[in-house]
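The structure appears right after this line, and notes come after that.
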There are 2 protein chains.
Amino acid sequence: MAWNLDNDRPIYAQIVERIQLQIVSGIYKPGDKLPSVRELAAVAGVNPNTMQKAFGELERSGLIITQRTSGRIVTENEHMITEIKKELAKEHVERFLEKMRELGFEKKEIMALLESDK
Amino acid sequence: MAWNLDNDRPIYAQIVERIQLQIVSGIYKPGDKLPSVRELAAVAGVNPNTMQKAFGELERSGLIITQRTSGRIVTENEHMITEIKKELAKEHVERFLEKMRELGFEKKEIMALLESDK
DNA sequence: ATTACTGTATCAATCACTTAATACAATAAT
DNA sequence: ATTATTGTATTAAGTGATTGATACAGTAAT
């Protein structure tokens with residue numbers, strides 16, 4: 001899997017999004033052990049501090065849990081995971097509609113564009 | 001009008017988007033004269049150099065035209081404006097669908113979410 | 001006890017962006 | 001002609017975020 005990190009956004013933020021996505025989409029399952037900071041940093045080709053910062057964010061949101069010396073696991077609170085998934089979807093929907101309306105598109109036109117896109 | 005500039009993205013980039021939006025959505029019309037660098041910088045509360053940089057971007061994309069000593073105007077090429085508008089819309093649509101699919105949503109579900117959002 | 005693995009903390013270096021202070025060139029207005 | 005207003009260019013400094021290097025602390029395994 002490619003990490004696809006670009007330079008126009010903070011790397012740690014891109015990592016946060018990536019791991020978050022892997023959790024809510026079920027690639028990482030509740031209770032799964034995550035690779036260590038150093039290991040994942042090596043895989044991604046970033047500095048351990050950067051990975052540490054990303055993990056810190058994920059921890060604050062509650063998606064992952066730190067066990068001081070044995071590593072980190074994905075939360076077993078499945079409800080929280082589905083809530084976050086719904087929340088992310090909602091944000092995307094609202095941001096998208098907002099942007100399209102700014103451009104001057106009506107709801108009907110927006111739906112038509114979406115249909116035609118595939 | 002509030003400029004609504006935040007700190008987590010380059011200011012010049014936000015200004016570019018803002019003016020671009022004002023052009024494609026018809027707030028600034030083809031041939032309209034734009035405020036001077038210094039004037040707009042003062043209004044927005046940014047350094048003239050920052051505004052200059054934003055204008056430079058808009059110029060490169062062709063949306064605005066510089067008249068060396070009399071100021072800048074919006075391009076009178078209406079076709080270009082509508083093309084850019086379509087291009088922006090397309091980008092939003094594709095980015096949105098991509099993000100939703102990453103989250104695990106099918107086309108049908110996406111459309112349903114959009115309908116329910118209002 | 002020693003080793004090897006965790007996460008964590010600290011400090012410095014780097015980088016992009018912004019701001020700042022000026023200066024210059026061209027033209028419209030007077 | 002003079003003045004004011006355009007856009008443009010240059011150089012320096014400041015600022016904040018990110019990254020990098022390294023050391024520290026705790027615990028499981030042996």
Side-chain angles (χ1 to χ4, degrees), chain A residues 2-20 22-23 28 30-76, chain B residues 2-20 22-23 28-77:
Chain A
W3 280 78
N4 248 15
L5 303 173
D6 57 55
N7 289 333
D8 51 310
R9 249 150 23 98
I11 291 176
Y12 81 90
Q14 298 179 57
I15 293 173
V16 166
E17 284 175 23
R18 180 192 174 89
I19 296 178
Q20 190 180 51
Q22 291 177 324
I23 294 174
Y28 278 132
D32 274 2
K33 190 168 185 308
L34 292 163
S36 74
V37 170
R38 291 172 178 81
E39 186 181 346
L40 208 51
V43 172
V46 302
N47 188 281
N49 294 325
T50 306
M51 189 58 70
Q52 166 77 10
K53 183 163 183 178
F55 275 158
E57 297 267 324
L58 289 165
E59 176 130 20
R60 221 170 311 130
S61 78
L63 269 184
I64 69 178
I65 292 170
T66 297
Q67 289 156 338
R68 187 66 167 75
T69 59
S70 67
R72 291 181 163 93
I73 61 168
V74 175
T75 178
E76 291 174 324
Chain B
W3 280 77
N4 249 15
L5 303 173
D6 56 56
N7 289 334
D8 50 311
R9 249 149 24 98
I11 291 175
Y12 80 90
Q14 296 179 59
I15 293 172
V16 166
E17 285 175 23
R18 180 192 173 90
I19 297 177
Q20 188 180 52
Q22 291 177 325
I23 294 174
Y28 279 131
K29 303 198 184 314
D32 275 2
K33 190 170 186 305
L34 292 163
S36 74
V37 170
R38 292 171 178 80
E39 186 181 345
L40 209 50
V43 172
V46 303
N47 189 279
N49 295 326
T50 305
M51 189 59 71
Q52 167 78 10
K53 182 165 184 178
F55 275 158
E57 298 266 325
L58 288 164
E59 177 128 19
R60 222 169 309 133
S61 78
L63 270 184
I64 69 178
I65 291 171
T66 297
Q67 287 157 337
R68 188 66 166 75
T69 60
S70 67
R72 290 181 163 93
I73 61 167
V74 174
T75 179
E76 290 174 323
N77 182 343

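Everything quoted here is computed from the prediction, not taken from an experiment. Just so it is clear, the values below take in all heavy atoms, side chains as well, and ignore hydrogens, waters and symmetry mates. Order of the sequence lines sets the chain letters (A, B, ...), proteins ahead of strands, with each chain counted from 1.
For the atom pair CZ of R18(B) and CD of Q20(B), the computed distance is 13.5 Å after rounding to the nearest 0.5 Å. The CG atom of L63(A) sits 10.0 Å away from the CG atom of L34(A) when rounded to the nearest 0.5 Å.
Considering only residues two or more places apart in sequence or on other chains, Q67(A) meets the side-chain contact (heavy atoms from CB on, under 4.5 Å) condition with S70(A), I73(A). Applying the side-chain contact (heavy atoms from CB on, under 4.5 Å) test to T66(B) and every residue at least two apart in sequence or in another chain returns E59(B), R72(B).
The distance between atom CG of D6(A) and atom P of dA16(C), rounded to the nearest whole Å, is 14 Å. As rounded to whole Å, 12 Å separates atom C1' of dC17(C) from atom CD of Q14(B). The separation between F55(A) atom CZ and dT6(C) atom C1' is 12 Å, rounded to whole Å. Taking atom CG on L58(A) and atom P on dG7(C), their separation rounds to 13 Å, with Å as the unit. Spacing between atom CG of D8(A) and atom C1' of dC15(C) amounts to 14 Å, rounded to whole angstrom units. Protein atom CZ of R60(A) is 12 Å distant from nucleotide atom P of dT8(C), rounded to whole Å.
By the 4.5 Å heavy-atom criterion applied to side chains, V74(B) and K29(B) are not counted as neighbours. For the pair I64(A) and I23(A), the minimum side-chain heavy-atom distance is below 4.5 Å.
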For residues 38-55 of chain B, tabulate all N or O donor-acceptor pairs below 3.5 Å that involve a side-chain atom, not counting sequence neighbours.
{"unit_1": "N47(B)", "atom_1": "OD1", "unit_2": "N49(B)", "atom_2": "N", "d": "2.9"}
{"unit_1": "N47(B)", "atom_1": "OD1", "unit_2": "N49(B)", "atom_2": "ND2", "d": "3.2"}

What side-chain donor-acceptor pairs closer than 3.5 Å can you find for residues 8-17 of chain A, not counting sequence neighbours?
{"unit_1": "R9(A)", "atom_1": "NH1", "unit_2": "E17(A)", "atom_2": "OE2", "d": "3.2"}
{"unit_1": "Q14(A)", "atom_1": "OE1", "unit_2": "D6(A)", "atom_2": "N", "d": "3.0"}
{"unit_1": "Q14(A)", "atom_1": "NE2", "unit_2": "D6(A)", "atom_2": "O", "d": "2.8"}
{"unit_1": "Q14(A)", "atom_1": "NE2", "unit_2": "D6(A)", "atom_2": "OD1", "d": "3.4"}
{"unit_1": "Q14(A)", "atom_1": "NE2", "unit_2": "R9(A)", "atom_2": "O", "d": "2.8"}

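Contacts between residues 30-42 of chain A and DNA chain C, defined by a heavy-atom separation below 4.0 Å, involve S36(A), V37(A), R38(A), listed by number. Non-hydrogen atoms lying under 4.0 Å from DNA chain D are contributed by T66(B), R68(B), T69(B), G71(B), R72(B), all within residues 61-74 of chain B.
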Reading nucleotides 15-20 of chain D 5' to 3', which nucleotides get B (base under 4.0 Å from a protein heavy atom), which S (sugar-phosphate only), which -?
---SSB
